[in-house]
Novice: 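One structure follows; several queries about it will come next.
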Amino acid sequence: MLLEIQNLTRRFGGLVAVSDVSFRIGEHEILGIFGPNGSGKTTLLNLISGIMRPTSGRILWKSRDIQGWRPDRVAAVGVVKTFQNPKLFLELTVRENAAIASHLMLRHQLGTRRIAELLPWCASRRHPDVDARLDRVLALCRLDGMSDQLAAGLSYGQEKMLGVAMAMMCEPELLLLDEPASGLGDAEIANLEAVLADLRAMRTTLCIIDHKVDFLRRTADRALALQQGVKIAEGTPDEVLHNPRVIEAYLGRPHARA
């Protein structure tokens with residue numbers, strides 16, 4: 001088992017954003033997390049990735065408790081999170097943004113000497129492993145044709161794919177995707193699904209949260225649903241989406257009774 005969440009809780013004063021949630025993610029699977037706005041989905045990913053600290057509970061990565069670790073330390077062991085709105089350097093090119101995100105890979109290889117290789121003006125002497133991985137990751141994310149384009153000129157869908165590319169440069173074993181289909185049109189979602197299919201073929205483990213129910217149904221092997229921070233269902237995507245408590249959470253009690 002790669003990741004095991006045990007009784008995870010996060011309180012903000014009197015508000016309980018995540019309440020006593022437990023689940024597991026196995027190697028090479030894709031877990032989808034359903035839930036309406038305010039259900040605690042993003043908070044849950046932020047807890048796993050170290051962006052927030054839990055009030056209580058345990059986060060076990062390969063049986064090792066990583067609860068309370070800094071985000072960079074969590075990412076260094078293989079758990080990397082994307083953001084719904086990617087944090088990009090708009091004045092740099094697509095390739096330069098992705099190169100900067102290679103710092104975790106280089107830290108293992110070069111230690112502090114990695115800093116020089118991350119600067120855009122040092123591309124001529126960049127570590128060969130970085131260039132090779134840049135080529136693979138940009139092709140995977142369908143960005144190889146715009147490698148030299150400034151990030152400021154990307155569409156929203158392309159920005160989100162660059163966010164995925166930057167995460168993949170960190171060599172994740174578990175990639176946490178925060179609303180990857182949010183704000184995308186049909187063609188961009190189809191492109192995203194093709195990228196995720198390639199990640200599946202590469203046996204990358206994924207945990208995806210999103211509001212687009214059909215997208216998650218098509219993508220996930222297994223799913224769970226949250227409502228007001230509480231896990232209310234777990235199973236296959238269809239089992240979760242047909243659960244009366246999930247239908248009630250999305251559509252209201254009359255629909256759950258129908």
Side-chain angles (χ1 to χ4, degrees), residues 2 27-28 30 49 71-72 74-181 184-185 187-208 219:
L2 275 185
E27 194 173 9
H28 309 316
I30 299 178
S49 61
D72 61 308
V74 174
V77 297
V79 183
V80 179
K81 179 185 177 293
T82 67
F83 292 87
Q84 183 174 349
N85 296 303
K87 314 298 183 185
L88 305 178
F89 297 93
L90 298 180
E91 71 279 11
L92 301 183
T93 67
V94 167
R95 191 176 185 88
E96 288 166 349
N97 271 275
I100 287 172
S102 66
H103 66 95
L104 285 175
M105 182 178 79
L106 289 175
R107 185 167 75 177
H108 296 302
Q109 297 181 10
L110 301 177
T112 56
R113 288 184 295 120
R114 72 190 185 279
I115 302 301
E117 303 210 23
L118 299 177
L119 301 175
W121 51 86
C122 295
S124 62
R125 50 192 175 88
R126 183 166 289 144
H127 198 279
D129 288 353
V130 174
D131 276 328
R133 185 162 182 83
L134 280 169
D135 291 339
R136 292 194 302 270
V137 166
L138 292 178
L140 168 72
C141 294
R142 281 56 172 176
L143 294 171
D144 45 331
M146 55 191 68
S147 177
D148 296 325
Q149 182 173 328
L150 291 180
L154 298 178
S155 69
Y156 183 59
Q158 291 165 344
E159 286 183 2
K160 298 194 83 160
M161 290 313 305
L162 180 52
V164 174
M166 294 172 74
M168 289 304 297
M169 287 301 298
C170 299
E171 300 185 312
E173 289 187 64
L174 171 61
L175 181 59
L176 308 173
L177 293 166
D178 188 353
E179 302 278 2
L184 303 189
E188 291 172 319
I189 291 175
N191 181 68
L192 171 62
E193 290 181 355
V195 172
L196 296 181
D198 286 349
L199 288 173
R200 178 194 292 274
M202 295 164 56
R203 301 178 68 76
T204 304
T205 305
L206 304 174
C207 178
I208 309 172
T219 304

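If you read the sequence from its start, that first residue is 1, and numbering goes on from there.
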Novice: Which residue, M166, K87, E91, E159, forms the side-chain contact (heavy atoms from CB on, under 4.5 Å) with N97?
Specialist: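 Of the listed options, the one satisfying the test is M166.
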
Novice: Are Q149 and L154 side-chain neighbours, meaning at least one heavy-atom pair lies under 4.5 Å?
Specialist: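 Touching, per the 4.5 Å side-chain cut-off.
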
Novice: Show your working on salt bridge (Lys or Arg N to Asp or Glu O under 4.0 Å) between D178 and K160 and close with a plain yes or no.
Specialist: CA-CA 10 Å; D178 188 353; K160 298 194 83 160; over 6 Å; no

Novice: Where do A98 and L134 come nearest, in terms of heavy atoms and distance?
Specialist: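 Minimum heavy-atom separation between A98 and L134: CB-CD2, 3.5 Å.
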
Novice: With a 3.5 Å distance limit and no angle check, can you tell me whether S147 reaches the backbone of D144 through a side-chain donor-acceptor pair?
Specialist: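 Absent.
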
Novice: Once you round to the nearest 0.5 Å, how far does CZ of R95 lie from CG of D131?
Specialist: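 CG of D131 is found 5.0 Å from CZ of R95.
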
Novice: How many angstroms lie between CG in D148 and CD in E96, if you round to the nearest 0.5 Å?
Specialist: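 Going from the CG atom of D148 to the CD atom of E96 covers 8.0 Å.
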
Novice: Kindly compute the distance separating CE (M168) from CE (M202), expressed to the nearest 0.5 Å.
Specialist: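 If we round to the nearest 0.5 Å, M168:CE and M202:CE are 4.5 Å apart.
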
Novice: Specify the closest pair of heavy atoms between V137 and A165, including all atoms of both residues, with the distance to one decimal.
Specialist: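 V137 and A165 have their closest heavy atoms at CG1-O, 3.4 Å.
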
Novice: Write down the atom of C170, the atom of A101, and the distance for their closest heavy-atom approach.
Specialist: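 Shortest heavy-atom contact: SG-O, 3.3 Å.
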
Novice: To the nearest 0.5 Å, what is the distance between OG1 (T93) and CG (L162)?
Specialist: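 Answer rounded to 0.5 Å: 9.0 Å.
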
Novice: Can you see which heavy atom on L196 is nearest to which on L206, and at what distance?
Specialist: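 Distance-wise, the nearest heavy atoms are CD2-CD1, 4.0 Å.
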
Novice: Shortest non-hydrogen contact from G163 to P86?
Specialist: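 Distance-wise, the nearest heavy atoms are CA-CB, 4.2 Å.
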
Novice: For the side chain of R200 and the backbone of T219, is there at least one donor-acceptor N/O pair under 3.5 Å apart?
Specialist: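 Yes, because the side chain of R200 sits within donor-acceptor range (under 3.5 Å) of the backbone of T219.
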
Novice: What's the spacing between R203 CZ and E173 CD if we round to 0.5 Å?
Specialist: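 These two atoms lie 13.0 Å from each other.
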
Novice: Less than 4.5 Å apart, side chain to side chain, heavy atoms only: is that true for P180 and I208?
Specialist: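 When only atoms from C-beta onward are counted, I208 and P180 do touch, with a gap below 4.5 Å.
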
Novice: For the pair R142 (side chain) and L140 (backbone), establish whether a donor and an acceptor sit closer than 3.5 Å, ignoring hydrogens and angles.
Specialist: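 Judged by distance alone, yes, a pair lies under 3.5 Å.
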
Novice: Would you indicate whether F89, at its atom CZ, is surrounded by more than 12 heavy atoms from other residues, nucleotides or ligands within a distance under 6.0 Å?
Specialist: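 Atom CZ in F89 is not packed in, count stays at 12 or less.
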
Novice: Looking at CG of L176 and OG1 of T82, how far apart are the two atoms once the value is rounded to the nearest 0.5 Å?
Specialist: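 If we round to the nearest 0.5 Å, L176:CG and T82:OG1 are 8.0 Å apart.
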
Novice: If you take all heavy atoms of V74 and S49, which pair is closest and at what distance?
Specialist: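 So the two residues come closest at CB-O, 3.6 Å.
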
